[in-house]
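To keep things clear, I will list the structure first and then write my remarks on it.
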Protein chains: 2
Amino acid sequence: MIADNAAQSAAVRNTRQRTAVSSLLAEVEGFHSAQDLHAMLRDRGERVGLTTVYRTLQGLADSGEIDVMRPPGGEHLYRRCSSGHHHHLVCRSCGSTVEVEGPAVESWADRVAAQHGFVDVSHTLEIFGTCKDCATA
Amino acid sequence: MIADNAAQSAAVRNTRQRTAVSSLLAEVEGFHSAQDLHAMLRDRGERVGLTTVYRTLQGLADSGEIDVMRPPGGEHLYRRCSSGHHHHLVCRSCGSTVEVEGPAVESWADRVAAQHGFVDVSHTLEIFGTCKDCATA
DNA sequence: TGCGTCTTTGACAATGATTTCCGCTATCCG
DNA sequence: CGGATAGCGGAAATCATTGTCAAAGACGCA
């Protein structure tokens with residue numbers, strides 16, 4: 001039997017697959033689904049399992065390194081975003097996204113939540129519309 | 001072969017099932033998943049297919065009569081809300097919801113979208129937190 | 001540097017909400 | 001009232017995501 005070796009610092013290991021996902025996200029623009037990213041990795045010649053892609057993305061999302069969006073349509077979309085909290089303005093037609101910031105909104109959300117006694121507050125905000133190009137086309 | 005009878009005004013039909021879903025939503029409080037609502041209808045003795053519940057909810061959501069929320073966790077939640085545009089403050093722990101309004105946020109979203117040339121703008125905003133009761137417990 | 005252990009991987013199956021299919025029924029209009 | 005069709009509904013299909021578990025690689029230590 002193996003005694004629980006408390007000394008083992010269970011840190012995150014630096015693996016080839018994790019690096020691959022991370023660097024891929026650093027290069028691509030816009031949002032991509034997990035399956036998209038998996039396909040891209042395969043095209044690049046990286047052998048990475050789909051399961052691993054999901055796990056890695058979840059980990060990155062948890063640690064705040066990437067953003068997750070749940071558009072109406074079912075798939076989760078992941079994106080490496082500029083640091084700092086912000087939201088997205090998304091075109092319904094062509095899918096292009098613009099990062100927008102609204103400090104006033106952040107503070108409003110926190111204030112409203114606090115008024116109702118809520119703590120540990122987070123929020124999601126997405127703006128959908130039709131961009132100029134798609135509207136004129 | 002059936003000739004296309006153009007005279008048939010293909011309007012929405014008023015069916016027992018649609019009425020049942022609608023009136024159920026008028027009575028219950030808070031958000032419920034489609035499957036929840038389906039179970040409630042069966043408890044009431046209404047014989048309504050799960051498929052129909054989904055279809056009806058989608059229709060009601062499209063016509064703006066009910067709100068849809070996509071919480072992290074997978075299920076779509078539906079709710080008959082008070083009239084007017086508003087958002088929700090949701091407790092992560094007990095699921096209780098508070099309707100909140102933020103005119104400033106609405107106008108901010110529209111303004112930002114307009115600045116980027118977006119038209120036909122809508123947005124989703126949800127605030128998550130831990131409510132007072134759950135925090136002290 | 002070599003070894004042992006433990007994390008991580010990855011192929012496959014399982015899950016579970018939502019959608020599709022298609023024959024049947026009920027509703028609506030004339 | 002009667003014919004035509006919108007809507008219903010049960011089951012099967014779909015599909016992204018998660019669980020499982022044996023095998024392989026990474027890291028700390030001697």
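Computed over heavy atoms, backbone and side chain alike; hydrogens, waters and symmetry mates excluded. Note on naming: letters A, B, ... go to the chains in the order of the sequence lines (proteins, then strands), and numbering restarts at 1 for each one. Keep in mind that what you see is a predicted model, and the values were worked out from it rather than measured.
OP1 or OP2 of C:dG10 lies within a sub-4.0 Å distance of a side-chain N or O belonging to A:Gln17. Neither OP1 nor OP2 of D:dA16 sits under 4.0 Å from any side-chain N or O of A:Ser33. In terms of phosphate contacts, B:Tyr54 brings a side-chain nitrogen or oxygen within less than 4.0 Å of OP1 or OP2 of C:dT18. The side chain of A:Thr15 places no N or O atom within less than 4.0 Å of a non-bridging phosphate oxygen (OP1 or OP2) of D:dA26. For A:Gln35, no side-chain nitrogen or oxygen approaches OP1 or OP2 of D:dC15 to under 4.0 Å. In this structure, A:His76 does not reach the D:dA16 phosphate: none of its side-chain N or O atoms is under 4.0 Å from OP1 or OP2. Not one side-chain nitrogen or oxygen of A:Thr51 sits closer than 4.0 Å to the OP1 or OP2 atom of D:dG19. In this model, the phosphate group of C:dA11 is approached by a side-chain N or O of A:Arg47 to a distance below 4.0 Å at OP1 or OP2.
Taking the side chain as every heavy atom from C-beta outward, B:Thr97 and B:Arg79 approach each other to under 4.5 Å.
Between the side chain of B:Arg55 and the base of D:dG9, at least one donor-acceptor pair of N or O atoms lies under 3.5 Å.
The interatomic distance linking B:Arg18 (CZ) with C:dC28 (C1') rounds to 14 Å, in whole Å.
Figure legend: B:Arg92 and B:Phe128 shown without cation-pi pairing, the cationic atom not lying both under 6.0 angstrom from the six-membered ring centre and within 45 degrees of its axis.
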